[in-house]
Visitor: 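Dropping a structure here in structure tokens format, bear with me for questions.
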2 protein chains.
Amino acid sequence: MDDIDRALLALLQQDALQPYAALGAAVGLSAGAVHERVRKLRDRGVIRRTTIDIDPSAVDRGVCAFVSVDASAWMGEARDAFAAVPEVQEAHITAGSSSVLLKVRTGDNEHLQRVLRRIHEIEGISRTNATIVLETFFERPLTQPTA
Amino acid sequence: MDDIDRALLALLQQDALQPYAALGAAVGLSAGAVHERVRKLRDRGVIRRTTIDIDPSAVDRGVCAFVSVDASAWMGEARDAFAAVPEVQEAHITAGSSSVLLKVRTGDNEHLQRVLRRIHEIEGISRTNATIVLETFFERPLTQPTA
DNA sequence: GTTGAAATACGAAGGCC
DNA sequence: GGCCTTCGTATTTCAAC
């Protein structure tokens with residue numbers, strides 16, 4: 001994991017469909033060498049997958065909200081319970097007053113209301129507090145430490 | 001934007017390196033037709049880009065926190081001010097008591113502290129409140145409405 | 001949307017530093 | 001161990017239908 005690897009990661013983040021030859025030209029290596037490095041980054045799990053970034057409003061997920069959840073018990077299946085709600089994009093355990101923080105995306109406010117109701121009905125949830133996002137400045141991939 | 005387009009988006013989210021022939025087999029179309037559909041999805045901006053998903057801990061971003069920020073004035077350059085901090089991965093204006101919510105990723109707690117200090121020094125910021133993430137259940141791509 | 005052909009890129013092998 | 005070059009194969013890309 002050297003500077004060249006980091007540069008490759010940054011380039012692939014911008015456009016994962018670039019030919020290896022182009023990546024090689026950017027970092028001063030041959031296509032074959034880049035190919036080998038990227039393969040290793042995949043094997044090591046540094047690159048988890050190659051995916052597409054979709055405009056949320058184009059797939060009926062234009063509304064975003066963060067939901068604080070008080071999970072009273074030590075919900076063993078909390079992960080699965082939240083994952084079963086497709087509108088929940090992220091679920092984190094936090095160190096604050098509320099134990100779980102969700103990022104939720106829906107098509108409109110009525111849809112959000114339905115999702116909140118569904119979350120509230122999950123076993124072990126005592127309180128939910130939704131904060132609606134009015135505008136998203138940016139959501140970007142991890143910036144690379146330019147060491 | 002029909003069911004086939006949505007299916008293609010879901011398949012590309014899982015693996016954007018699949019050959020068009022494989023996508024075609026999955027949705028019952030020829031590779032050429034899939035190619036044309038994907039091109040149009042890109043042109044329309046539904047697919048914003050093809051990128052890689054990086055393991056945060058592999059690039060020194062293993063610590064995650066959400067930061068509530070009170071932006072007193074009507075900071076015109078708020079977006080740029082937050083974007084200038086590379087550790088800020090997301091920035092949203094919210095409808096709650098705090099006006100801005102940031103998602104921040106750092107290498108360790110000391111690094112987080114430095115970032116918080118830097119955010120606090122931004123012109124127009126009166127108060128910050130960080131909530132540290134202890135464990136992330138999941139962060140997943142937008143789930144497709146299976147209409 | 002399909003088919004088919006040309007251009008291009010991938011992925012593996014072998015040799016070199 | 002990492003890099004370069006080469007070659008056969010698979011994929012992309014674009015034409016005509």
Visitor: Looking at residues at least two apart in the chain, or sitting in another chain, which of them share a side chain to side chain donor-acceptor pair (under 3.5 Å) with B/Q14?
Guide: none

Visitor: Other than A/L17, which residues form its hydrophobic cluster under the rule that side-chain heavy atoms must be closer than 4.5 Å?
Guide: B/L17

Visitor: Give, ordered by number, those residues of residues 34-42 of chain B having at least one heavy-atom distance below 4.0 Å to an atom of DNA chain D; if nothing qualifies, reply none.
Guide: B/H35

Visitor: Who passes side chain to side chain donor-acceptor pair (under 3.5 Å) against A/R44, sequence neighbours left out?
Guide: none

Visitor: Which residues satisfy the side chain to side chain donor-acceptor pair (under 3.5 Å) test with B/T50, sequence neighbours excluded?
Guide: B/R42

Visitor: Check ring-ring contact (aromatic ring centres under 6.0 Å, His included) between B/F66 and all other residues, then give those that pass, not counting sequence neighbours.
Guide: A/F66, A/H92

Visitor: Before you tell me yes or no, could you show the steps for A/R105 and A/E139 under salt bridge (Lys or Arg N to Asp or Glu O under 4.0 Å), namely the whole-Å CA-CA distance, both residues' side-chain angles and the distance that decides it to 0.1 Å?
Guide: CA-CA 14 Å; A/R105 281 199 168 275; A/E139 292 174 295; 3.1 Å; yes

Visitor: Over all strands shown, is A/A33 touching base, sugar-phosphate only, or nothing at heavy-atom distances under 4.0 angstrom?
Guide: sugar-phosphate

Visitor: Looking at residues at least two apart in the chain, or sitting in another chain, which of them share a side chain to side chain donor-acceptor pair (under 3.5 Å) with B/D2?
Guide: B/R37

Visitor: Measure all distances between protein nitrogen or oxygen atoms and nitrogen or oxygen atoms of nucleotides 15-17 of chain C, and list the pairs falling under 3.5 Å.
Guide:
none

Visitor: Counting only heavy atoms and a strict 4.0 angstrom limit, can you tell me which residues of residues 16-27 of chain B come near DNA chain D?
Guide: B/Q18, B/P19, B/Y20

Visitor: Mind checking whether B/L101 and B/I122 sit in one hydrophobic cluster, side chains of I, L, V, M, F, W, Y counted as touching below 4.5 Å?
Guide: no

Visitor: Only counting residues at least two apart or in another chain, list the ones meeting salt bridge (Lys or Arg N to Asp or Glu O under 4.0 Å) with B/D15.
Guide: none

Visitor: In degrees, rounded to 10°, what is the bend between the two ends of the helix from C/dG1-D/dC17 to C/dC17-D/dG1, using five pairs at each?
Guide: 30°

Visitor: Tell me every residue that passes ring-ring contact (aromatic ring centres under 6.0 Å, His included) with A/H35, counting only those two or more places apart in sequence or in another chain.
Guide: A/Y20

Visitor: Would the number of heavy atoms belonging to other residues, nucleotides or ligands and lying under 6.0 Å from CD of B/E123 be above 12?
Guide: no

Visitor: Quick one, A/D5 and A/D3 - any side-chain contact, counting heavy atoms below 4.5 Å?
Guide: no

